[in-house]
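Structure record follows, encoded as structure tokens.
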Amino acid sequence: MTIISMNPLQNTWKFSLSATRTVLVALLGLTYMQQVQAQDEKVKFGIYGRGLQQSDRLDKRDTLNVDRTSTGSVLMDLGFKITPDKKTEINAILRLRSQLGSFYAAGDESILRWIYIRGIIAKTVNYELGDIRLQLSPYTMYNNDGDAQISEAAVFSDFRRDYIQYENFNKGNSWWQQGAHADFSIGAKTSFLDQVKFDVFFLRNRNQTALDPASFQTGGRVSLLKTSRYNLAANYINLYEIGGTQSLIAPKTYFHNPVGSGELTAVLLNRAAMRLNLLAEGGLSQMNFFKDTLAPTNVNGAFFDAGLSVDLVKLGINVKATYRSVDPYFYSSGAQSKRVNFATSSNDLATFPIYGNDPLNPFSRSVSMFDMIHDPGVMNTQITAGLMAYNPVYGNATPFGVATPNRTGVDIKATWNDKNEKAGLAVNTAMLQEVVPAGSLTEKRSFMVIGLKANANIHKIIGWEKRIVLHGGFRMDQTNRPGVDSIDFVDLSSNLVDAGLELELIKKLDLLAGIKMNMASGTEYTALYNNYFQPINWNTTFYKIDQTETMIGYGARYRFSNASYLTLQHHLYNLEDAKTSARSVKFDRISLMFNLSF
Amino acid sequence: MKIGRNWILAVTFVGLLSACSDVERLGPDQKAIFSKVVVKEGLTATTSNPNFSTGQKVGFKAVFERDAYWVLTITGNNSGAKYTVEGISNEIDPSKIVWDGRASSLPAFALEPVTAKVSFPNSPGDTLRLNMTVAGRRNMDAGAVIVTNFSAPKIAWQKDWPPIEYPGTTTNYGFPDGNNYCYMSGTPWQGAGSPYVNFLNIRAVNSDVSYTSGFFPLYADYNKVYFNIMVYGNGPSNKTWLQIGLQENGVAARNYNIRPNWTGWKLVTIKYTDFVPDNEEISYNPQKINLVSLVLLSDAVPLATTPVSVAVDHMVFTHGGPLQP
């Protein structure tokens with residue numbers, strides 16, 4: 001094989017294969033791939049395969065587009081795990097991908113998708129080097145869940161999990177980044193301390209370009225643990241640019257965004273029936289600008305978040321109540337970067353980016369619920385300084401998670417999970433307010449969020465041998481600001497509904513159905529920021545909006561195993577804009593997806 | 001630990017971490033931005049006849065009753081050149097809003113009367129105006145290495161090169177840099193499917209400045225070298241294809257292709273490192289550039305009989321970034 005080129009943005013290397021190429025399995029035929037057993041235990045293999053064929057159809061009201069489009073691809077991710085000795089492990093994933101409809105290898109690609117080395121030094125220090133996952137606290141380094149989802153039906157979550165999240169390396173709330181990480185622990189075994197743990201990391205954030213300097217992240221965490229009593233930790237992360245690395249002579253400005261916090265989890269009461277914990281975190285952030293005489297010097301902020309968590313062990317109930325206050329200029333790149341990139345240009349959307357009837361004035365689609373489930377290109381994997389674009393119709397109270405700046409108030413969550421996994425219920429409410437007025441001289445916005453999600457394994461409740469699973473969720477997000485006229489007045493209301501059913505008809509063959517609906521109406525202004533992350537103007541895109549997005553999905557799924565399945569689904573998407581009816585659009589997609597993993 | 005001691009420590013910990021912000025308000029007042037503007041002082045300038053050739057600059061001033069979103073646009077009455085700056089504030093501060101004679105895009109300002117206008121996008125009926133006259137043009141080539149701007153070429157114009165046409169001879173595309181441009185046109189002449197229409201070569205010794213060393217005096221740091229050319233496009237259906245070549249002392253050649261499928265004048269800036277070398281083994285050496293070539297090609301159908309054309313102007317090298325017209 002010969003290395004052809006390296007794409008620094010994706011950190012992938014493209015290889016040209018020799019003449020003999022493995023022909024990948026056609027979608028509509030089921031084949032069984034033999035698991036490769038290494039003769040030598042030092043080398044192990046794993047395989048993930050996916051075949052995806054999609055056919056889209058657009059509403060007849062549109063006259064700008066071809067009404068039907070069809071795309072598809074097959075891929076195989078070949079995973080290697082090499083353990084040359086007991087202290088070292090090398091992991092890599094090589095992807096072979098072919099676009100359906102191309103022949104003689106046209107449109108095919110082979111890339112190195114993931115590689116990292118990990119091991120242990122002197123039986124003490126664990127290290128990782130390469131493509132690694134990292135996570136600290138929700139205020140320092142945390143990949144918040146994507147938007148527009150609450151107790152999502154399997155007919156949608158299968159795609160979100162096995163396609164969107166897999167393609168973007170999303171797992172839990174960690175960030176997938178490139179760099180190095182090391183950790184080690186020191187045992188204490190005293191009455192007040194069991195262990196002190198140290199974590200440090202160094203990540204590459206961005207290569208330099210003509211206008212932007214190279215940027216990196218360094219940070220770490222020190223934890224003091226007395227397992228049965230408390231966990232005290234200090235977190236630090238700094239996203240910083242290296243001045244002078246941009247190609248242009250001027251400007252050579254750069255910035256640093258250090259964030260530090262202290263966390264405490266303390267067991268206040270530990271009984272067989274009940275546990276009471278104190279949860280608290282507080283910290284500071286700075287935005288420091290260098291070689292820029294026009295830059296402000298006070299883009300600094302702080303936060304604190306404290307509350308109690310009660311576990312009623314025998315009942316399976318947990319109640320958590322916290323109060324937090326986050327400064328208007330609290331900027332934490334690792335915690336506030338969003339998983340969905342709402343700034344994605346409509347031209348970059350994979351499905352019907354423009355529509356309408358007037359070729360000179362078409363409507364441009366923006367990132368929607370449909371794209372979040374079907375288009376990996378709208379997702380973001382890079383930690384970004386400042387506040388990314390967001391869509392308030394999908395949540396205006398905390399678009400950047402708990403680290404959303406300029407918020408203060410109370411969060412209460414209650415969850416119940418049946419010990420036998422028959423059912424689960426979660427209720428949450430947040431009553432928040434702005435710390436300082438934003439866009440008004442005196443009036444502050446107030447936010448009310450009420451969420452409810454439930455799931456039930458009906459088959460376990462009634463003792464049925466075949467699966468019957470119900471999902472349901474609802475979230476209301478209300479923003480208000482009083483005003484004497486239409487400019488000051490803010491009253492955005494959005495309601496998200498998620499519901500779904502899985503019904504096993506015959507063994508391992510499920511019928512799937514689900515619905516997602518997001519209804520938004522009212523007025524809100526979103527901020528436009530200058531280069532110093534200060535709001536300087538207001539966007540009126542969401543002025544007196546009234547729209548409803550609906551996605552209905554149904555289909556069938558055959559499960560070969562827990563991780564392998566074939567599914568045929570039909571998703572129907574509808575955007576109804578009551579204010580501008582011509583902006584309404586409707587399209588649907590039929591998807592055939594085969595997932596294989598072992 | 002007993003619960004009592006736990007509570008004391010917890011409250012102390014939380015108290016130490018309590019946040020307090022000294023920010024009173026976030027962002028400009030929306031009511032001020034979106035409401036009708038009340039002007040307290042109209043638009044004035046530090047001078048009404050700026051001479052940018054001496055480095056003089058013009059500061060603008062206006063005062064409003066409260067914060068407003070304003071846009072200041074300066075338009076050349078003859079050239080159509082524009083310079084735009086915007087902001088949100090209750091005043092336009094002459095120490096911060098300063099014009100040095102540059103344009104935001106082509107064409108550049110000429111010696112001409114100009115109109116400065118302040119508009120308010122959220123209050124469309126309110127506008128402030130001020131008339132001025134450019135007494136001296138800004139030297140856009142300060143620090144640049146000029147190849148030619150076709151105004152008074154010193155090059156030995158070869159008889160088979162395309163003519164330098166004055167505006168109004170065959171075309172009248174305006175004055176992108178305030179003086180003449182070069183109009184190239186024709187049909188492919190070599191036959192056998194060759195796309196070549198016309199070309200011109202400008203050596204360093206024959207450029208407008210006549211660099212006697214034989215090389216264009218460029219930085220050694222190749223990442224900081226840029227080539228600029230003004231190109232007039234005839235729209236998306238244009239079948240013209242322009243190839244710019246750099247020769248490095250006969251040892252190496254690099255090319256860059258431009259498709260002028262836009263309409264009007266456009267400043268095209270190309271990083272030296274974006275020129276494609278004819279040999280991947282050669283290293284970057286901008287200080288060895290001794291010749292710039294311009295080749296007009298065609299991919300029209302039918303190739304031999306469909307005329308193509310392009311106008312070009314102001315070929316210069318700059319350091320550190322694009323030319324500012």
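Values below: all heavy atoms of this structure, side chains included; hydrogens, waters and symmetry mates excluded. Remember, predicted model here, so these are calculated numbers, not experimental data. Proteins get letters first, then strands, A, B, ... in listed order; numbering begins at 1 in each.
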Under 6.0 Å from the [atom1] atom of [X], do we count more than 12 heavy atoms belonging to anything else shown?
X: A:Tyr323; atom1: OH; result: yes
X: A:Arg275; atom1: CZ; result: no
X: A:Lys320; atom1: NZ; result: no
X: A:Lys226; atom1: NZ; result: yes
X: A:Asn531; atom1: CG; result: no

Is A:Asn406 close to chain B through its backbone or its side chain, or both, or neither, when contacts mean heavy atoms under 4.5 Å?
side chain

Would you name the heavy atoms of A:Pro535 and B:Pro28 that are closest together and state the gap between them?
O-CD, 3.6 Å

Minimum heavy-atom distance A:Val436-B:Glu24, with the two atoms named:
CB-O, 3.6 Å

Residues in residues 537-545 of chain A near chain B [non-hydrogen atoms, under 4.5 Å]
A:Asn537, A:Trp538, A:Thr540

